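Below is one structure, written out as structure tokens, with a few remarks after it.
Because the structure is a prediction, the values reported are computed rather than measured. In what follows, chains carry the letters A, B, and so on, assigned in the order in which the sequence lines appear, proteins first and then strands, with residues in each chain numbered from 1.
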Amino acid sequence: MALLETSKYSQGSVFGNVNPDLASERQTASFCVEKLTALLDGGAEQTRIRRAVVEAIQSDPVFSSENQYFQTQNERYEAAVRKAVHLQKKMHEMGWTENGPEYKYIYRALSGDVAFLLHRVFMRSISVLGSDKQIAKWIPLATQLRLIGSYAQTELGHGTYLQGLETTAIFDIATQEFILNTPKISAMKWWPGDMGRSATHTVVFAQLYIHGKCYGIHPFIVQIRSLQDHSLCPGITAGDIGPKMNFEAIDNGYLMLKNVRIPRENMLSKFCEVRPDGTYVRQGSQKINYFTMTAVRISLISDEVLTPLMKACTIAIRYSVVRRQSKLKPGEQEAKILDYQTQQEKLLPQLAAAYAFHFINNYLQELFDRGYREIQRKNFDMLPELHALSSGFKAVITHQGTAAVEICLRACGGHGYSLLSGLPSLYTKILASCIYEGENTILLLQTARFLIKCFMAASAGQPVPPSVTYLAAVKPGKCPAKNKSDFLSPDIYTEAYQHVAVRLISSTAAKLQDLIQSGAKKYDAWNQCTVQLVQAAKAHCHYITVKNFAETVEKLETKAGIQRIMKHLCDLFALHGIFSNTGAFLHDGYISAAQMDMVTASYLDLLAVIRKDAVPLVDAFDFTDKSLNSALGSYDGQVYQRLYEWAQKSPTNKMSPAYERYLKPLLHNALSKL
Amino acid sequence: MTMNADLRRERAAATFQPLLLTHILDGGPERTRRRKEIEALVLNDPDFQHEDLNFLSRSQRYEQAIRKSSLMVMKLREYGIADPEEIFWFKRTCTGNVPEPLGLHFSMFQKTIETQTTAAQKEKWLPLARGVKIIGTYAQTELGHGTHLRGLETTATYDPATQEFILNSPTVTSIKWWPGGLGKTSNHAIVLAQLYTQGQCKGLHAFIVPIRQLGTHEPLPGITVGDIGPKFGYDEMDNGYLKMDNFRIPRENMLMKYAQVEPDGTYVKPVSDKLTYGTMVFIRSLIVGDSARSLSRACTIAIRYSAVRHQSELKPGEPEPQILDYQTQQYKLFPLLATAYAFHFVGAYIKDTYHRISGDINEGDLSELPELHALTAGLKAFTSWTANAGIEECRMACGGHGYSRCSGIPDIYVTFTPSCTYEGENTVMMLQTARFLVKSYTQVSSGQRVTGMVSYLNDLSRQRIQPQHVAARTVTVRINDPVSLVEAYKARAARLVEAAAKNLQAELNHRKSKEDAWNRTSVDLVRASEAHCHYVVVKLFAAKLSEVSNAAVRAVLTDLCLLYALFGISKNTGDFLQAGILTSAQITQVNQHVKELLAVIRPNAVALVDSFDFHDVHLGSVLGRYDGNVYENMFEWAKKSPLNKTQVHESFHKHLKPMQAKL
């Protein structure tokens, strides 16, 4: 009965009833959907709170996203500002606070379509980098939205490599001010959100100069627009950087500074201070700051990767049981496309990945919570490991999540290409996550650096952090599987993943050693091994993900069929990884050619098993139709009616001047004049 | 403005003359000359100048596209350009590769009238279509039905009393959906519908249906027509819907070259329907060419930008290096560059083969058609999937700026990606190729010989004399020799075709229905097709090398060919290891050699993309500009953004100010 309650909650159909092809999928669920939803939320109480927040937001017409696919960039921006302003009111009305349990669900309920997200980054950077005095001055103003902040780090010519930034801040002792400048075009700040049109203030990262000496990159609070009439302050050139693949609602901006003077007190000075006489002083440990940057990478996984991935799976799988195409058996009705093995092989591994990433995200969150507690006790031992994990997993999850959403998009054929399917926007949004907060290749190389270091330490018998202790226990050997069902044993496949990770890390370490011993410079040797290093880092993260999934399944309650279905998904995730990367496992003969055929057989068998629960498995993600905003993915499966109805609303269906201006003359023989 | 210094250095350091390579891609110096002549006609014509499309709304982009289409019709006549390839060059330069709402009129609508009508019909319709007195499109796909044509639901019921067909869209799923130019532009459509006469369904047939009133352009009574709304790309195209409600057309509007309905309703069957194969082969071969071109454009942008962009440090204390000097960046981009070249040669091969045998087709000799049909289906899928992923890889390689519309790569991607779906969904295409491969394998098993690209399967029967797995045979692979690598790919294809065919047989032995067995083997079958296509591409690339006379050009193409082949192995090592084609030690060598080739190709990278000879107009990219002046022009571009129209955005007055006032 729990199943029916969910459906009641999720949607009533505006078309009267649920498409029978979708309804029948829900009747045969092997597990209790409501229980799985609660598991994903972290408890039934969390589910309740989340639903209440979503309901409060989505029933409020000011927050509607109904026509967003038809809107221009200007309209989308205006709507986002309107929602941000209204959200202040709503939170007050509902009694939600930034520290309350509801807060984290607000963004999800709004599908991120709201302005002033960078305002929060502005506030966080002041809290982390500012002195107590600065915090006391700026945070109350920001909290009440008396000013709107942004965060200006990236420049036109410089991204991930912070030391390369070119903006300058020169200290002028005479006036006790910093003079900020954009010395050349490549130094223009470029990309910061909310800065193109909205922000009145921004934190600018610039090279600090005192008495002609450069002290490196420091953060400064700079006012860029008037608090009275919003016009640009003297010396400031700022605007919107133009259309992007997504984020139409966000005014990513540019900023050029010409002799802009700010008081000495505007340099954020928790860690470094410039005294009135120009003395430069370092104070305290930067490690906590370092931890914050690391934690941000993990915090984006949930909202920016898991949510779009789960939505894409929901849309593609529901559509695949509604869409019928060709015949599987002569004389029968056309088959649901999800009944084709090739379609299952596209979608079900993505579904398994969504669950795998959900569980690894939980693991990472717990690890970071623990790390935070340790750091507060001034114990920084966990930092290198946390940094390596956050870099590697940010890269792997954003990359695979992006690939997965694209697969979902293309698995929906022509209709997936319509914006009304919701899939193009999900794709263009998730793919940005591969770039921001650290470019993925660079992040993987950071993880690789940690792995190589740990491998050397482990080889020398020194202690290493918990997530890499496996590097110390290198044991050669062969995969013991004897038949295809052996590959459904988590011990068997987890060992295989571990073996590959160790092999790739150790062989790359050896190669580096070789190069250095044969006279190569260290940095040259490193550059020559980067392709392998990236592969090694990925293998490590893949191994941890599989291991964590298997351990999570082990601990699940056996009731309500949850553990059984999660075990299937875990097997599928693991075997898909082997199936699509066979060479890595065959390379040193750990898995034999004959065993690889067993992997394939076992993998393909699983597709048919999970197929039966595919729709309940996406129903458990519990997205409302408004959250999905998709003509293909609605709960009631009335795909074609909805596409037809939504298309009518397109502005292109208003009379276009093109006919009168161009077609008519063409048809009426303008040609004969030639 | 002067050329960016980095790009100037790159160009000076090339070991070959790009123009010579351009000639090879164009098919001879004379054709390069003519292409540039035609492009100049557009580039120097003020009528074709336009605002940057990125800043226009969809309705405005549609209007611009219609303006240009109309202009092109007139100018093409003025210049007397009639050769299809020359028209293509002209249009591509006008539109900068965005689709054209009148495109289907000139291709599908006109072509169908040319090929599927009787003499009388031709006489009536062809002058109207050619003179653009009517504008038509081709309405096949329905809301609920795509690739599987027999499933279409639109009906055309013959009424002998009035000698008319009555057209109906009986369900929501039967609404015509997606045809280009249908929404707003066309006043006629060729509609595919199930023909009913004398109470019987005779299957799908094509009808010319007027949909809008000549003169007013209003939809006719009984016709509901409109635009299907915004898409990922194709902003200028009014992909449309069409719903018909007891809409009557005269009997003569059925295209009757093959099947006919007589006045009394008697149905006359067509002779053969194999001829439609020809058109499909032709269109799919165009997609292979488009895969090559789209990927080449993305590579041009990404490689030029990577030579201009500096980032981080390679050597401590030195200035930031060009990002193209990083091994990881080369590893992302150079295999794609090699792929783009490979696909150019494959596209040219299919086109030539089609032209060679289309004479035979007209003579009624269809013997080569099945293989060519199977091959183009697979290659269409193989090249479009690869290019699709490759374009994204190029965009990602441009970091944050790749994500901006000013990079041009988002546009290339959204315009290209539907080719994985249209003209045959790729997975379905791969399975069609697989059907041919399995059939060929079965023939070989029963002692017959097969010819053409699948002739490697003949070796399997010889193999069978010794009762050992095909995988067990030893192939001596020399990883520096393209010819030897072709053998390795051949062995891989043979192994995967055999494995899929055997698995299929095993499923059939489990007393499963034929269709069930096929479905349960389809993942294996797709892999077999992919391996077959991959082999064909490597083979055609390697074959091309011997045709190149200039030594410097041949050397650089040989590097690219080796990189293409070796990179493909390193990405699919499992196939080669499992089949015993290569040993682990060889795989390690392959991986190493790939990295060495990256360094070898590096000095020629910019020259290799210059050889594609795209004008800045074809690229539509600030990052990929020929002169490399990226940052200045990004700033100029951004200033034109609609959000920058006013100094203070109206949202400030509407929302921000009132809020702050209340606080």
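- Residues B/Glu142 and A/Tyr640 have side chains that never bring a donor and an acceptor to within less than 3.5 angstrom of each other.
- Contact annotation for B/Gln327: both backbone and side-chain heavy atoms come within less than 4.5 Å of a heavy atom of chain A.
- Taking CZ from B/Arg150 and NZ from A/Lys327, the interatomic distance works out to 7.5 Å, rounded to the nearest 0.5 Å.
- Residues B/Pro230 and A/Phe70 share a closest heavy-atom pair of CD-CE2, 3.2 Å.
- Within the model, atoms OG1 of A/Thr600 and CD of B/Gln578 stand 6.5 Å from one another, a figure rounded to the nearest 0.5 Å.
- Top candidate by heavy-atom pairs under 4.5 Å with chain B, chosen from A/Leu663, A/Val81, A/Thr441, is A/Leu663.
- Checked by atom type, the side-chain pair A/Gln532/B/Asn591 shows no donor-acceptor distance below 3.5 Å.
- Using a 4.5 Å cut-off between heavy atoms, A/Ala584 touches chain B through its backbone atoms (N, CA, C, O) alone.
- With chain A as the partner, the residue from B/Trp178, B/Tyr234, B/Phe55 showing the most heavy-atom pairs under 4.5 Å is B/Trp178.
- Side-chain atoms of A/Glu345 do not come within 3.5 Å of backbone N or O of B/Val523 as any donor-acceptor pair.
- With sequence neighbours excluded, the residues that form a side-chain contact (heavy atoms from CB on, under 4.5 Å) with B/Lys514 are B/Leu508.
- A/Glu406 touches chain B through its side chain: at least one heavy atom from C-beta onward sits under 4.5 Å away, while N, CA, C and O do not.
- Closest non-hydrogen pair, A/Arg323 versus B/Gly146, comes out as NH2-N, 3.4 Å.
- Of all the heavy atoms in A/Gly414 and B/Thr421, the pair that sits closest is N-CG2, 3.3 Å.
- For a residue to count as touching a neighbouring chain, one of its non-hydrogen atoms must lie under 4.5 Å from one of that chain's; by this rule B/Tyr326 touches chain A with backbone and side chain alike.
- Of all heavy-atom pairs between A/His230 and B/Val648, the closest is O-CG2, 3.7 Å.
- The line from OG1 of A/Thr237 to NZ of B/Lys639 is 8.5 Å long, rounded to the nearest 0.5 Å.
- For B/Asp325, the part sitting under 4.5 Å from any heavy atom of chain A is the backbone (N, CA, C, O) and nothing else.
- Proximity to chain B is limited to the side chain of A/Gln535, based on heavy atoms less than 4.5 angstrom apart.
- One side chain, B/Gln592 or A/Lys511, offers a donor N or O that lies under 3.5 Å from an acceptor on the other.
- At distances below 3.5 Å, at least one donor-acceptor pair connects side-chain atoms of A/Tyr417 with backbone N or O atoms of B/Val414.
- Per-residue heavy-atom pair counts under 4.5 Å with chain B were compared for A/Ala238, A/Ser186, A/Ala658, and the maximum is reached by A/Ala658.
- At distances below 3.5 Å, at least one donor-acceptor pair connects side-chain atoms of A/Asn653 with backbone N or O atoms of B/Asp227.
- Side-chain contact annotation: A/Asn74 with B/Glu650, donor-acceptor N/O pair under 3.5 Å absent.
- The aromatic rings of A/Trp191 and B/Tyr403 are tilted relative to each other, their planes meeting at an angle between 30° and 60°.
- Per-residue heavy-atom pair counts under 4.5 Å with chain B were compared for A/Ile442, A/Thr154, A/Leu328, A/Thr72, and the maximum is reached by A/Leu328.
- Neither the backbone nor the side chain of A/Lys184 comes within less than 4.5 Å of any heavy atom in chain B.
- The aromatic rings of B/Phe232 and A/Tyr427 lie perpendicular to each other, with more than 60° between the two planes, well past the 30° mark.
- For B/Thr646, the parts sitting under 4.5 Å from any heavy atom of chain A are the backbone and the side chain alike.
- In terms of heavy-atom pairs under 4.5 Å with chain B, the best-connected choice from A/Ala335, A/Pro424, A/Ser650, A/Ala403 is A/Pro424.
- Annotation: the span from A/Asn581 atom CG to B/Lys571 atom NZ amounts to 8.5 Å, rounded to 0.5 Å.
- For the options B/Lys243, B/Lys654, B/Glu425, heavy-atom pairs under 4.5 Å to chain A are most numerous at B/Lys654.
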**OP:** Take B/Leu656 and A/Ile148, measure what side chain to side chain contact (heavy atoms under 4.5 Å, CB included) needs, and give me the verdict at the end.
**Re:** CA-CA 10 Å; B/Leu656 295 180; A/Ile148 298 163; 3.7 Å; yes
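- In terms of heavy-atom pairs under 4.5 angstrom with chain B, the leader among A/Gln163, A/Lys654, A/Met596 is A/Met596.
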**OP:** Please assess A/Glu439 against B/Arg309 for the test salt bridge (charged side-chain N to carboxylate O under 4.0 Å, His left out), listing each intermediate value before the final yes or no.
**Re:** CA-CA 15 Å; A/Glu439 197 275 333; B/Arg309 177 85 171 175; over 6 Å; no
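- One finds the CZ atom of B/Arg527 at 4.5 Å from the CZ atom of A/Phe579 (value rounded to the nearest 0.5 Å).
- If you measure heavy-atom distances from A/Tyr69 to chain B, the contacts under 4.5 Å come from both the backbone and the side chain.
- No other option in A/Val85, A/Val531, A/Ile435, A/Thr582 has as many heavy-atom pairs under 4.5 Å with chain B as A/Val531.
- When atom types are taken as modelled, the side chain of B/His145 and the backbone of A/Arg324 share no donor-acceptor pair closer than 3.5 angstrom.
- Both the backbone and the side chain of B/Lys315 come within less than 4.5 Å of a heavy atom of chain A.
- For the options B/Gln64, B/Glu313, B/Lys640, B/Gln311, heavy-atom pairs under 4.5 Å to chain A are most numerous at B/Gln311.
- Contact of A/Glu78 with chain B is made through backbone and side chain together, with heavy-atom distances under 4.5 Å.
- Contact annotation for A/Ser425: neither backbone nor side-chain heavy atoms come within less than 4.5 Å of a heavy atom of chain B.
- The two residues B/Ser513 and A/Lys329 come nearest to each other via the heavy atoms OG-CE, 4.4 Å.
- Only the side chain of B/Tyr62 comes within contact range of chain A, with at least one heavy atom under 4.5 Å from a heavy atom of that chain.
- Options B/Val308, B/Asp575, B/Asp516 differ in how many heavy-atom pairs under 4.5 Å they form with chain A, and the most are formed by B/Asp516.
- Contacts of B/Ile175 with chain A are made by side-chain atoms alone, with heavy-atom separations under 4.5 Å and no backbone atom involved.
- For A/Trp190, the part lying under 4.5 angstrom from a heavy atom of chain B is the side chain only.
- Across all non-hydrogen atoms, the minimal contact from A/Pro657 to B/Glu63 is CG-OE1, 3.3 Å.
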Subject >> Verdict with supporting geometry, A/Arg197 and B/Ser651, side chain to side chain contact (heavy atoms under 4.5 Å, CB included) >> reply: CA-CA 9 Å; A/Arg197 302 273 72 184; B/Ser651 295; over 6 Å; no
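- Looking at A/Asp240, its side chain never comes within 3.5 Å of a backbone N or O of B/Pro642 through a donor-acceptor pair.
- Residue B/Gln60: no heavy atom, backbone or side chain, is found under 4.5 Å from chain A.
- Put simply, CG on A/Leu604 and CZ on B/Arg520 are 8.5 Å apart, with the number rounded to the nearest 0.5 Å.
- At a 4.5 Å heavy-atom cutoff, the contact between B/Thr521 and chain A is made by backbone atoms alone.
- With a threshold of 4.5 angstrom between heavy atoms, B/Trp637 approaches chain A through side-chain atoms but not through N, CA, C or O.
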